[in-house]
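Presented below is the structure to which this report refers.
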Amino acid sequence: IGNFGAGGEPFDWFQIYLVDFDSMTDPADRDIRNLEYFRSVTANGQGNGISSDPSLAPDRFAVAFSSVATNLHPLDGDILSDVYVFEMDETNPENSVMRLISLRAFNLERSGRDDSDHPSFGGNGIVAFRTKAPDVGEPALNDKEFLDHAVIAWADLRTFGVPNTAPQIFKILPDLSVLPDGASGLPHVSEDGTKIVFETAATNFVSTAAGPPVSSPSIVLYDRAAQVAGDRRVVHEIRRLSRSRSRNFPGPKIGMGGK
């Protein structure tokens with residue numbers, strides 16, 4: 001694809017590419033060998049580990065993805081899965097930026113202590129992802145070596161990494177003093193970035209601070225805007241799932257307009 005291979009040999013690992021179809025005005029341009037419209041995200045096809053789960057931003061030329069490669073960012077030197085965002089500069093591709101998102105909350109010079117993956121890119125620079133790293137996101141659980149269950153975190157790229165600003169990454173937890181009693185995954189962010197829907201097996205998520213527990217397993221909707229406004233416990237059960245459901249379930253999605 002795009003003639004990025006060395007001598008036509010296959011890559012050792014799956015790679016990520018951005019393709020600008022809007023610029024292909026001539027049908028003859030729609031050829032996978034046309035370099036002009038292909039942008040390699042993962043080190044010109046030389047990412048040294050599997051990259052997967054690409055999610056395009058709805059309002060910018062950028063893609064979020066997960067990778068176990070160790071050569072995509074200088075702050076990632078381990079073989080754990082991490083979440084990245086590649087922001088393409090269409091005018092000057094050499095100025096494109098690769099961001100490592102799954103950073104330690106209190107040490108921005110290292111990636112998290114466990115896997116982060118399955119990102120979803122929403123509007124206004126909001127990226128949600130699954131993580132088992134206790135030190136990624138707020139609240140950071142630095143006293144724990146690992147989490148028993150994966151949780152959902154989200155990052156705000158508008159302020160992420162801004163000097164003298166705390167990284168805007170938050171974990172979605174049922175309560176600040178109680179960890180989830182089941183795993184969560186498959187997040188999807190709304191087009192405006194205000195809501196996140198995901199699947200959870202946890203039984204102790206609540207709709208309000210004093211609300212009833214959410215049944216397990218469930219699809220839940222998280223109101224990110226309400227958390228920013230100060231209400232950290234706005235989680236609503238959308239649908240209770242059968243425990244015997246198919247493993248091929250693709251995960252919940254939020255439609256256009258957040259509905």
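These values consider heavy atoms only, across backbone and side chains, with no hydrogens, waters or symmetry-generated copies. Given the structure is predicted, the values throughout are model-derived calculations rather than measurements.
Under a 3.5 Å cut-off, the side chain of Arg113 and the backbone N or O of Lys132 do not form any donor-acceptor pair. Put simply, the side chain of Gln15 gets close to the backbone of Gly47: a donor and an acceptor are under 3.5 Å apart. At least one donor-acceptor pair closer than 3.5 Å links the side chain of Asn48 to the backbone N or O of Thr70. Under the 3.5 Å distance criterion, the side-chain polar atoms of Ser218 are left unmatched by any main-chain donor or acceptor of Val220.
One finds the CH2 atom of Trp154 at 7.0 Å from the CD1 atom of Ile196 (value rounded to the nearest 0.5 Å). Considering CG of Asp59 and CG of Asn124, their distance stands at 6.0 Å, rounded to 0.5 Å. Rounding to the nearest 0.5 Å places NZ of Lys195 at 5.5 Å from CG of Asp223. Atom CZ of Phe146 sits about 9.0 Å away from atom CG of Asp114, to the nearest 0.5 Å. One finds the CG atom of Leu179 at 9.0 Å from the NE2 atom of His149 (value rounded to the nearest 0.5 Å). Atom OG of Ser66 and atom CD1 of Ile101 lie 12.5 Å apart (nearest 0.5 Å).
No option in Leu72, Val63, Val85 other than Val63 meets the side chain to side chain contact (heavy atoms under 4.5 Å, CB included) test with Val41.
In the hydrophobic cluster analysis, where Ile, Leu, Val, Met, Phe, Trp and Tyr join through side-chain heavy atoms closer than 4.5 angstrom, Leu100 is grouped together with Met98. Cluster annotation: Val83 is not connected to Ile79 through the hydrophobic network of ILVMFWY side chains, with a link wherever side-chain heavy atoms come within less than 4.5 Å. Note: the hydrophobic cluster containing Leu157 also contains Leu75 (ILVMFWY, side chain heavy atoms under 4.5 Å, direct or indirect links). A single hydrophobic cluster is not seen to contain both Val68 and Leu80; linkage of ILVMFWY side chains at heavy-atom distances under 4.5 Å, directly or through other members, places them apart.
Residues satisfying the ring pair (Phe, Tyr, Trp, His ring centres under 6.0 Å) criterion with Phe121, sequence neighbours excluded, are absent altogether. Shown here are the salt bridge (charged side-chain N to carboxylate O under 4.0 Å, His left out) partners of Asp76, two or more places apart in sequence or in another chain: there are none.
A heavy-atom distance below 4.5 Å is found between the side chains of Val151 and Thr131. Side-chain contact between Val97 and Arg99 is present, with at least one heavy-atom pair separated by less than 4.5 Å. Here the side chains of Val197 and Pro187 are not in contact, with every heavy-atom distance at 4.5 Å or above. Counting only heavy atoms from C-beta outward, the side chains of Ile50 and Phe14 approach each other to under 4.5 Å.
No side-chain donor from either of Asp82 and Ser116 sits under 3.5 Å from a side-chain acceptor of the other.
In plain terms, the two heavy atoms of Ser184 and Thr200 that are nearest each other are OG-OG1, 2.8 Å. Taking every heavy atom of both residues into account, Asp192 and Ser190 meet most closely at OD1-OG, 2.6 Å. The shortest non-hydrogen separation linking Ser51 to Ile16 is CB-CG1, 3.6 Å. Annotation for Val189 and Ala128: closest pair CG2-CB, 3.5 Å, computed over non-hydrogen atoms. Between Pro134 and Lys144, the shortest heavy-atom distance links the atoms CG-O, 3.3 Å. For the residue pair Pro252 and His188, the shortest heavy atom distance occurs at O-CB, 3.4 Å.
In this structure, Arg130 pairs ionically with Asp117, as a charged nitrogen and a carboxylate oxygen lie closer than 4.0 Å. Ion pair Asp135/Arg104 flagged as a salt bridge, since at least one NZ, NE, NH1 or NH2 atom sits closer than 4.0 Å to an Asp/Glu carboxylate oxygen.
Pairs of residues two or more places apart, or lying in two chains, that qualify as ring-ring contact (aromatic ring centres under 6.0 Å, His included) and include a residue from residues 48-77 are Phe65-Tyr84.
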